[in-house]
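Everything numeric here is computed off the predicted structure, so don't read it as measured data.
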Amino acid sequence: MNNSLNYQHWAQYGGQNGALGWPITPEVCARDNSSCTVSFTGGVLGWTPSTGVHSIVGTRASEYLAQGGPGSRIGHPTGPAEWVTANGGGWVQRFSGGRVHAAGNGPGFWFNPDSLIGREYDRLGAGAGALGWPTGLEQCRDDGCFAEFQRGVITWSSTRGVQTFSGETGAAYLRGGGPRGELGLPLAAPSAVSGGTVLSLRGGAIYARSGASAFFATAASMVHARYASLGGATGSLGWPVSDEDCASGICETRYQSGSIVWTRASGAVAVLGALDERYREAGGPRGKLGPRLPMLVRAPPTEEAACRRSGTASRLRQVRDRPTPTLTA
């Protein structure tokens, strides 16, 4: 051990018996002595002449070290961890390469100060804003980048710039797996549709009716394909009132004026109006009727087939084939 300010701080706060534990690296200093850092089993100490000694400990330290620690672009701590009470509470700490945000006692996530996503997050109030705390690092895929937060998403691409999705649209985006999942990145800004907006994504869409919840649909969904063929939000079904629910070989989405049910046997079938209400009263596709009703709706019986089931088919044919009588004066 030496008598550096980092080690003095470590000894002052309990040495190996304190929160930092045992040193796991020697102290490393920049060539011009502008900074020195030491890593411990429980965290990191960093010193500069202008900021003094600062530490990062606990889960935040584990994430920091996993991301490369002092030798990464994050650099060394240059300020104390500050507690912010908003959105359930969290920590914000400055480093030589940017800021780290952490919800509660969870892991910390770094944002590059040159990142347009990081700048937008700061502009919106960071952890105290509408998006809340980050739930992952900034990532890039396809032709853009994104970061996910407790209550929404920020995306960036060279063609669309920075886009923020919060509120109901952000919540639906996250439920659908966010940009990292099947929905992928946006293709455009949300488009206004009578009564709401529709956000087109690489792998689906998000339907947000004004004053109501928003719901996602994936491009691979046969239910969504059927909905689009019927006019989408401006068609006879209206806006979605649920995400697509798939279980036991049955997929369904509910809408303002009905539902669409998919099974391998029947395909995607729309059930509208009063018939859908009765179907729901009977438990829907997972109730006592099962998915049978949509199959019947898809292929309604002919008059003769209906009569055949009631034993009147032959009488129907007799009536149908009987010559039309003529009137004589």
Indicate, with yes or no, if [Y] and [X] share a hydrophobic cluster defined by side-chain heavy-atom contacts under 4.5 Å among Ile, Leu, Val, Met, Phe, Trp and Tyr.
X: Phe215; Y: Ile260; value: no
X: Val271; Y: Met222; value: no
X: Leu65; Y: Leu45; value: no
X: Val84; Y: Phe109; value: no
X: Val223; Y: Trp239; value: yes

Pairing of [X] and [Y] as salt bridge, 4.0 angstrom limit:
X: Arg280; Y: Glu277; answer: no
X: Glu252; Y: Arg286; answer: yes
X: Arg99; Y: Asp122; answer: yes

Does the side chain of [X] come under 3.5 Å of the side chain of [Y] through a donor N or O and an acceptor N or O?
X: Ser4; Y: Asn6; value: no
X: Gln67; Y: Ser72; value: no
X: Thr263; Y: Ser266; value: yes
X: Ser259; Y: Asp276; value: yes

Do the non-hydrogen side-chain atoms of [X] and [Y] ever get within less than 4.5 Å of each other?
X: Tyr13; Y: Leu20; value: no
X: Val28; Y: Pro70; value: no
X: Tyr207; Y: Phe216; value: no
X: Trp156; Y: Ser115; value: no
X: Val261; Y: Val269; value: no
X: Trp47; Y: Thr37; value: no
X: Cys140; Y: Phe146; value: no
X: Leu131; Y: Thr164; value: yes

key: Residue Asp143 excluded, over 12 heavy atoms near CG under 6.0 Å   =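 Counting neighbours around CG of Asp143, more than 12 heavy atoms of other residues, nucleotides or ligands fall under 6.0 Å, so yes.
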
Does atom CZ (Arg94) have a neighbourhood of more than 12 heavy atoms from anything else shown, all under 6.0 Å? no

#### Entry: Atom pair CD (Glu244) and CZ (Arg254), whose distance is rounded to the nearest 0.5 Å
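Glu244 atom CD to Arg254 atom CZ measures 14.5 Å (nearest 0.5 Å).
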
Rounded to the nearest 0.5 angstrom, the CG-CZ distance for Leu174 and Phe149 is 10.0 Å

Give the minimum heavy-atom separation between [X] and [Y], together with the two atoms involved.
X: Glu168; Y: Ala212; answer: CG-O, 3.6 Å
X: Ile117; Y: Ala147; answer: CG2-CB, 3.9 Å
X: Pro179; Y: Leu185; answer: CB-CD2, 3.9 Å
X: Gly184; Y: Leu201; answer: O-CD2, 4.0 Å
X: Thr41; Y: Gly21; answer: OG1-CA, 3.4 Å
X: Cys36; Y: Glu27; answer: CB-OE2, 3.6 Å

Problem - Ring centers of Tyr227, Tyr255 separated by less than 6.0 Å - result: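 So the answer is yes for these two rings.
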
For residues 59-73, the salt bridge (charged side-chain N to carboxylate O under 4.0 Å, His left out) pairs (sequence neighbours left out) are none

Take Glu148 and Thr135 through the side chain to side chain donor-acceptor pair (under 3.5 Å) test and state the conclusion after the steps.
CA-CA 6 Å; Glu148 297 177 358; Thr135 57; 4.5 Å; no

| request: Taking salt bridge (Lys or Arg N to Asp or Glu O under 4.0 Å) as the test, write out the residues that go with Glu138, two or more places apart. | output: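 In terms of salt bridge (Lys or Arg N to Asp or Glu O under 4.0 Å), with neighbours along the sequence ignored, Glu138 is linked to no residue.
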
Test ring-ring contact (aromatic ring centres under 6.0 Å, His included), reference His101, set Phe95, Tyr121, Tyr64, output is Tyr121

**OP:** Kindly assign one of parallel, tilted or perpendicular to the pair Phe40 and Tyr7, based on the angle between their ring planes and the thresholds 30° and 60°.
**Re:** perpendicular

Exercise for the section: Might you work through the side chain to side chain donor-acceptor pair (under 3.5 Å) test for Thr51 and Thr48, ending with a clear yes or no? Expected result: CA-CA 5 Å; Thr51 63; Thr48 70; 2.3 Å; yes

